[in-house]
Structures are given as structure tokens and as C-alpha cells.
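None of these values were measured; they are calculated from a predicted model.
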Amino acid sequence: MADIIRLLPDSVANQIAAGEVIQRPASVIKELIENAVDAGATDIRVIIKDAGRTLIQVIDNGKGMTETDARMAFERHATSKIARADDLFSLRTMGFRGEALPSICAISQVELRTRTADDRMGVRLCISASKVESQEPCVCEQGTNIMVKNLFFNIPARRKFLKSDSVELANIMREFERLALVNNHLRLSIDTGSRHFSLPPGNFKQRITDIWRNNLNMQLLPVSVDTSLVKIEGYISRPENARKRNPLQYFIVNGRNMKHPYFHKAIVNCFESLIPAGTQPCYFLRFEVDPATIDVNIHPTKNEIKFENEKEIWPILAGAVRASLGSNSAVPSIDFTAEVLPVAPLEKGDEPVAPALDIPKDYNPFLSGNEEDNPFSDIQTDYTPHRKVGSAWRPTKPTSDWEALYAGFMERKREELPDVAQLSSAGELPEMPEARQTICMQYGQKYIITSTREGLMIIDQHRAHTRILYEEFLSKSAGDRISSQRIMFPESLHLDESQQLALEGIEDELKNMGFMLKCSRPGVWTIEGAPAALSKTNPADVIVGIMESISDDTINYGTEESPELAVRKRMALVMAKCAAITGGTRLSETEMEHIVGQLMSLPDPALTPYGKPVYKVLPRRKIDSWFS
């Protein structure tokens, strides 16, 4: 049998690695900026064209590279950060795997210009799909200038799955904000073509307010604790500034961004009784730990970190957050040590006395008497009720005889009903509705139970209503514009740079869905109208939810549907979920029948748009087996 195992060429291995390391243009920016930080740069500039499809350029003033280093940097697993396995336990750099640059050059065309302080001439290197095309001396400034052109040009499937320019730019800005937050001591700027965003070096709090603005400075409470295990510094938001949508939540460990659900839960628990349900606090916390007690080599993106002492760090983190909330009067407290002053009893005669009113007991201002002395004599007291007969109103006398009142009611109903015999002879007899065969009932104010031929059907009322509204919004968006309802008091929507880019990209689609928007000033939008179906929800929360959903990677932009249809589907889904009735809502029998009827008229009522079951059927044979 012939040997079948062989070593993959470097170009193929690099493309495989690129699938994990480089997911979108924002991933390229992350890797290149982190390399610039490791090179000791103090000024980093980013230039973007066509949302990163055409060009991603990163210029830094770091130490640069020699001619040999420039060539070796694009070799797989070539790095200057570590030399042996033990170095993994003392990492202080952002990169160390040696996969970023080989992965980038495997799926793009790269041009590199770099020079060290000791060299008079730099080097220019051109690589296309892992193949070196040219290498020559050049004149350039100290540092590194790297240009990544035509991203995914040799992988059409990956390029096709990139989202719209606005969505990709929003992801780029979000990644740039994370990197800028970590490196607050550096000057960073980004030019997207439509706008230029620059951040000067400053302290941690200044960098937070420079990035997100919107009076965030007044909403932050300091957090600080220093122990032998961990040093934690940063800021948390006040409870009254908790957010329903898009909370700003950042963990930084030894200068590296991190996602850690365990520590996130520790912070949320501290706010549990202080913020409304469905809201999240904002936090910006930096951890300093011994590098030997963490493992950052979990994933190529290095956003996941394992802690050796995470259970011991939990109470330290929770205690620091609670101390910050308490010391800044963010938590209501009772001072049990305060001295309680005694209250002297009232002396006799000091009790308050109600004033005496000299009014005759038999006095009634509504009774006729002396017209001059009665101030209410001009009020008519002999009101006679009337009833409508035909087109005329006839007076009726009030009665306390309920039998006579009921008889009169039935007599009036007979007068108002048409003559059935006459209607039948004229061919105008209306069809009588069939007797209702099924009965709907509600269980736990969450489920609708009804009968079918197969057995008992149990319907989730929220999911059913979501499915109904989703189809309604989607069908209306495919035709004419959804009608808007003006808001009496317009809502203000404050956005950061990444959200601003995302909203600009879907502004026309939002207007077609019934939203009336106006940009009053950069970063601040006014919502003047919203679809009538969203009258009971906050339109600002709906719009933020739409932006987050569209930026989500779960949208399919493949060949099965156009990007415009995918966006409309996601917008319709967010609007439907916000407008749908929720669990805990009591429904009348008519409302339940209406929901069941609308649901069963849909082409696919069994699943929600996001693939969850809407109803389950308990078979009759199963019920019969219980009593056999």
C-alpha cells in the first residue's frame, strides 16, 4: 500500500491558519496594531479603504526590522517574542505564536516598508498569497509601514461572506476602540475615508471618555485593590447608568483584552439588587497578575485566558466592586451606630386641636329653600335620563325595579333587531357563524393550550406572536414603506463611533421599516417616529438591538439570499421580538383564538425565525396510555 500521509506546503498551512486568525478586516487591524505595540511604537496610524477590502495600512514609529528580519517575519511560526517553551509562562507581549503575518500574506497582497534606527536604508518587501514577489532597498522613515491589499482575493468564498461596508467599518472601529483602551499611553488614529478619529495619549479614565464621550466621565466610579494574587484597577458605572443595550464591558489582563464570563458574573452579582432586571452595568477593569498564573495560549486570537487562581480572585473582585459602590453612596445604607435622639412626649394642652365648624346637622346645600342663601340654587337637580329610539332621544324615568329595567332592555333590543323574515325574503340574511369546536386556555400566563386532531397543542405565546409579527414586518418591508407613528416626545440616541458607522449604513432600511430619524449632531440622533406596532417599546432600544443584530456573524450573506434581504430579515426579527407579548401576560379567550388562528395560517408555524420550537403536541395516544 502506498504512503498517503504527506506534509502540507507552507502556503496551504498558512491558509488553514488564516481561517482562525483572520476572520474579517478587523482581525487584520488587531494583529498589526499589536505587532506595532510590541515593537515599542508610541504613534500608530491606521488607514482604511473600502472597509478594509481594498487597503488596510498600519504605520508605526517602532524599532523597525532589518532586511533579514523582514523576510523571516512572514515565515510560519517565526517570532521574536519567545525562544523556548518556558517563555510561555512569562509573556509580556501581545503576540508570540508567529501565525499572524503568515496568515495575512496567505490571503492578500502585502507590501512592507521598514527601517531600524541603525540602518540608513530600509527594505521594501512585496508578497502575494505567501509568494515573495520582490525585495529591495528603499528610503523610508524609522518604524514599519505595512499595507494589506485585496483581502481574501484568492479565497472568493470568504470575500463573498464579508458584510456590507458599514457593518465591516463598525467592526473595525469596535476593534480599534478595544486596542485604544488597552494602550492608553499611545497616540492612535484611524482614517476610514469618511471620517478621521484621533486619540492623544492620556490616563485610563481620559482614554475612556475620549473614546465614548456622552458624559461618561460623570457616570464612573473608581475601583482599586492590590493583593498578593492580583491588582485590580479601573472603573464601574453607577447603578442608575446601567444599560439595556450595548453595555460597555471590558476586562484587561496584563495589557491584553479578555473575555471572562466567570468574572463578569462576579460583577453582575454586585449590581443585582441595584439595577432593574434586563439591564447591565458598564465596567472597565484592568488586572495585573503574575504571567506564570495565566495561560493565554488557548486560541489564536488570544482573547480567552485561563486563570490558575480564578476562584480566589472572585471574592477579591466582588469585594472591590462592592466597596466602590458603598464608598460612593451608590448603595443605600442604614447607620446603626448613629445616636437616636429621644422624642419628648407632648404636654397636656399641646395636642393639635381640629377647628370646630358650626354647621347645622340638617343642612343640605342641594335642597331647594331660600334661593338667596343657597349658593347652589342655580344647579339643576331634577335630571331625567334619556334613551335613544331611532334617531330621537326620549326621556325615561329612573327606576330601581331591576326586573322592569331588564324587560325594557330586552324590548329595546327587539326594536333594534331587523326583521329576520324580511331579510330572508330579500336574500340578505347574514350567515351565522359555526359553533366553536375548540377551546383555548392559558397556562401559567405563558402557554396557550388548545386541541387538535393529533392531541393537545401547547403553544409558547411569546414565540407564536414573534413569528406572526416577523412575517408581518417582513411582508410589509418587501412592498411599500411601513407606516410611521410620530412620537410626542422625540427620543435621543447617543452613539459611539462604531455605532455611528453602523447606523449610517442601515439608515435607509430603518426608514423603510417605519423609523423617522434625524442626525442632530455627530453621535446624537433624534427618533421622531417609529412603527405603530412598537408603540409600547422604547424605539432607541429597538434601533440599538437592530445594529447589534446586523453586526452579528450569524447573518448569512451567501448565494441563497441577497444582503438586503438578510438585513431586512434581521431587522424584522428584532422588531418582532420587541413588540411581541411576553410571558406573564394574561390573555382573553378571544386574544388566544386570534393568535392561534394567525399562527396556523402561516406557511411554517412550527419554528421561530431563529429556529426554536413554537409549539409542541401531546399525542392523544400518549394521553390514552396514562388511563389504560
Quick one: do Arg195 and Leu501 satisfy side chain to side chain contact (heavy atoms under 4.5 Å, CB included)? Show the steps, please.
CA-CA 10 Å; Arg195 57 169 43 87; Leu501 289 168; 2.8 Å; yes
Can you list the steps and then say if Ile305 with His260 is a side chain to side chain contact (heavy atoms under 4.5 Å, CB included)?
CA-CA 8 Å; Ile305 299 178; His260 205 291; 5.6 Å; no
How far apart are the C-alpha atoms of Lys569 and Tyr470, what are their side-chain angles, what is the distance that settles it, and do they pass the side chain to side chain contact (heavy atoms under 4.5 Å, CB included) test?
CA-CA 8 Å; Lys569 284 185 175 181; Tyr470 169 78; 3.5 Å; yes
Go through the steps for Ile313 and Phe287 under the test side chain to side chain contact (heavy atoms under 4.5 Å, CB included), then give the verdict.
CA-CA 10 Å; Ile313 293 176; Phe287 293 66; 4.1 Å; yes
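Remark: Glu509 engages Ile506, Val567, Met571 in a side-chain contact (heavy atoms from CB on, under 4.5 Å) (not counting sequence neighbours).
The shortest distance between side-chain heavy atoms of His264 and Tyr283 falls below 4.5 Å. Between Pro25 and Leu162, the closest side-chain pair of non-hydrogen atoms falls below 4.5 Å. Looking at Phe176 and Thr192, their side chains never come closer than 4.5 Å, going by heavy atoms from C-beta outward. For the pair Pro239/Leu325, a side-chain contact is recorded, criterion being any heavy-atom separation below 4.5 Å from C-beta on. Side-chain contact between Arg207 and Ile211 is present, with at least one heavy-atom pair separated by less than 4.5 Å. When side chains are defined from C-beta on, Leu517 does not count as touching Thr526, because their heavy atoms never get closer than 4.5 Å. Looking only at side-chain heavy atoms (C-beta outward), Arg243 and Gln280 stay at 4.5 Å or farther from each other. Using a 4.5 Å cut-off on side-chain heavy atoms (C-beta onward), Asn171 and Lys163 make no contact.
For Phe204, the CZ atom sits in a packed shell: over 12 heavy atoms of surrounding residues, nucleotides or ligands are nearer than 6.0 Å.
The nearest pair of heavy atoms linking Pro281 to Gln249 is O-NE2, 2.9 Å. Smallest separation of non-hydrogen atoms from Ser324 and Pro222: OG-O, 2.6 Å. Taking all atoms of both residues into account, the shortest heavy-atom contact from Gln461 to Gly583 is NE2-CA, 4.1 Å. Residue Arg322 comes nearest to Cys270 through the heavy atom pair CG-SG, 3.7 Å, listed as atom of the first residue, atom of the second, then distance. The two residues Phe263 and Trp314 make their nearest non-hydrogen contact at CE2-N, 4.3 Å. Residues Leu221 and Ser237 share a closest heavy-atom pair of CD1-O, 4.5 Å.
With 3.5 Å as the limit, one finds no donor-acceptor pair spanning the side chains of Arg463 and Thr608. A donor and an acceptor atom, one from each side chain of Glu472 and Gln598, are nowhere located under 3.5 Å apart. A side-chain N or O of Ser164 and one of Ser166 form a donor-acceptor pair less than 3.5 Å apart.
Within the 3.5 Å criterion, the main-chain N or O of Val524 finds no donor-acceptor partner in the side chain of His494. A donor-acceptor distance shorter than 3.5 angstrom exists from the side chain of Ser327 to the backbone of Ala323, with no hydrogens or angles considered. Side chain of Arg586 to backbone of Gln445: no donor-acceptor contact under 3.5 angstrom is found.
Going from atom NE2 of His465 over to atom CD1 of Ile448 covers 10.0 Å, rounded to the nearest 0.5 Å. To the nearest 0.5 angstrom, Asn217 atom CG is 5.5 Å from Thr209 atom OG1. The CD atom of Glu504 lies 11.0 Å from the CE atom of Met547; values are rounded to the nearest 0.5 Å. Put simply, CG on Leu317 and CD1 on Ile267 are 5.0 Å apart, with the number rounded to the nearest 0.5 Å. Atoms CZ and CD1, on Arg286 and Ile232 in that order, are 12.5 Å from each other to the nearest 0.5 Å.
Under the 6.0 Å cut-off for aromatic ring centres, Trp212 and Tyr235 do not qualify, their centroids lying 6.0 Å or more apart. Ring pair Trp525/Phe515: centre-to-centre distance not below 6.0 Å.
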Only distances under 3.5 Å count here; give the side-chain donor-acceptor pairs of residues 615-628 to other protein atoms, sequence neighbours excluded, each with its distance to 0.1 Å.
| residue | atom | partner | partner atom | Å |
| --- | --- | --- | --- | --- |
| Ser625 | OG | Lys622 | O | 2.5 |
| Ser628 | OG | Ser625 | O | 3.0 |

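Ion pairing between Glu175 and Arg24 fails under the 4.0 Å rule for side-chain N and carboxylate O.
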